[in-house]
Amino acid sequence: MKITYYGHSVIMMEDKEFKAIIDPFITGNGLCNITVDDINELSHIFVTHGHGDHIGDTVALAKKTGALVITNHEIAAYFASKGVARIHAMHLGGRTKFDFGVVKMTNAIHGSGISDDGRMIEGGNPGGFIIEVNNNKIYHAGDTGLTYDMKLLEDEHIDLAFLPIGGNFTMDINDAVKAVKFIKPKAVVPIHYKTFPIVNADPQEFKNKVKDSVVIVIDFNESIEME
Ligand code: NI
Ligand code: MN
């Protein structure tokens with residue numbers, strides 16, 4: 001599987017017919033060097049919570065590519081109201097089999113309100129995803145503070161975890177280091193940093209502080225390969 005990091009929380013996963021993006025904050029993301037026009041094929045879009053820097057370009061991408069959008073029930077209803085045709089609503093703690101593999105929604109300690117034309121719309125509870133594709137188990141935490149619930153994820157035997165480190169809205173570096181100790185993933189990729197001055201954390205500092213897992217710092221707009 002090829003994994004590309006477009007900055008913030010934007011992760012692209014590509015494995016044969018499975019071409020998915022998580023939290024597609026493309027427009028307005030200064031770290032991302034592609035535009036919506038550059039994305040012509042997507043099979044799935046995952047949205048962790050309702051904030052604008054995570055919903056991002058979901059509506060435009062779903063309409064353009066016909067991708068199936070996977071998110072919580074409340075955000076699913078919002079996307080339906082915006083004319084998105086293919087949506088699969090899940091909720092926290094639920095696990096579901098799809099044609100490509102298995103998805104579980106995990107909880108996050110955060111908000112999920114959706115800003116829409118100056119109003120705040122109910123976005124349910126924020127979450128993260130465990131996505132299993134071809135024996136690779138990936139965890140994307142979404143935006144979250146440190147929570148002892150992450151200790152439960154140890155039993156999931158995560159291969160690759162994406163954890164926010166930027167602080168202010170999410171875990172900072174020291175809390176993310178504790179999260180790694182709870183989750184015990186084989187490898188961890190820091191996300192949600194440097195997009196805005198207020199989340200200006202140094203991924204190398206995170207790498208130096210993690211002793212229990214392999215830290216992979218993916219440069220913005222660069223890819224790694226998973227076996
Ligand atoms: Ni958020
Ligand atoms: Mn965010």
Side-chain angles (χ1 to χ4, degrees), residues 3-13 20-34 36 45-61 69-79 82 89-92 105-131 138-147 149-150 161-177 179-180 183 188-203 206 217-218 220-221:
I3 290 178
T4 308
Y5 179 45
Y6 289 108
H8 211 56
S9 296
V10 188
I11 302 295
M12 183 89 84
M13 298 173 288
I21 195 164
I22 308 174
D23 287 355
F25 175 45
I26 309 285
T27 305
N29 174 356
L31 304 175
C32 174
N33 71 3
I34 60 167
V36 169
I45 303 171
F46 295 86
V47 179
T48 61
H49 65 290
H51 292 163
D53 58 323
H54 296 261
I55 280 186
D57 298 290
T58 298
V59 172
L61 285 170
V69 179
I70 301 172
T71 188
N72 77 24
H73 171 72
E74 291 79 6
I75 300 169
Y78 169 77
F79 286 148
K82 296 292 173 185
M90 300 182 61
H91 234 303
L92 308 189
M105 276 203 88
T106 57
N107 51 336
I109 307 292
H110 196 65
S112 188
I114 305 166
S115 298
D116 188 62
D117 283 335
R119 290 185 308 147
M120 187 65 86
I121 295 175
E122 166 66 35
N125 289 310
F129 291 102
I130 295 172
I131 303 168
I138 289 160
Y139 169 56
H140 189 296
D143 280 0
T144 184
L146 178 66
T147 160
D149 288 352
M150 289 170 173
F162 294 94
L163 299 182
I165 64 162
N168 192 71
F169 302 110
T170 69
M171 299 189 283
D172 60 11
I173 286 172
N174 290 335
D175 279 354
V177 170
V180 174
I183 302 163
V188 55
V189 175
I191 59 171
H192 212 273
Y193 62 90
K194 286 193 182 159
T195 332
F196 316 115
I198 194 99
V199 295
N200 216 354
D202 176 6
F206 174 70
V217 176
I218 309 178
F220 306 128
N221 307 293

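Quick note: residue numbers are just sequence positions, from 1. Read the numbers this way: they start at 1 and go in the same order the structure lists the ligands and their atoms.
- A search for side chain to side chain donor-acceptor pair (under 3.5 Å) contacts involving Thr147 returns nothing, not counting sequence neighbours.
- Note: Tyr5 and Phe220 meet the aromatic proximity criterion, with ring centroids under 6.0 Å apart.
- For the side chain to side chain contact (heavy atoms under 4.5 Å, CB included) with Ile45, the qualifying choice from Thr71, Ile21, Val59 is Ile21, the only one to do so.
- The shortest side-chain heavy-atom distance between Ile11 and Ile138 does not fall under the 4.5 Å cut-off.
- The environment of His91 atom NE2 is dense: over 12 non-hydrogen atoms of other residues, nucleotides or ligands sit within 6.0 angstrom.
- Contact check for Ser112 versus Ile75: side-chain heavy atoms found under the 4.5 Å cut-off.
- Within a radius of less than 2.8 Å around the Mn ion (ligand 2), the protein N, O or S atoms are Asp53 OD2, His54 NE2, Asp143 OD2, His192 NE2.
- A side-chain donor-acceptor contact under 3.5 Å links His49 and Asp143.
- Put simply, the side chain of Asn168 does not reach to within 4.5 Å of the side chain of Phe196, judged on heavy atoms.
- Applying the side-chain contact (heavy atoms from CB on, under 4.5 Å) criterion to Asn29, with sequence neighbours excluded, gives His8, Val10, Phe25, Leu31, Cys32, Thr195.
- Listed by chain and number, the protein N, O or S atoms at a distance under 2.8 Å from the Ni ion (ligand 1) are His49 NE2, His51 ND1, His110 NE2, Asp143 OD2.
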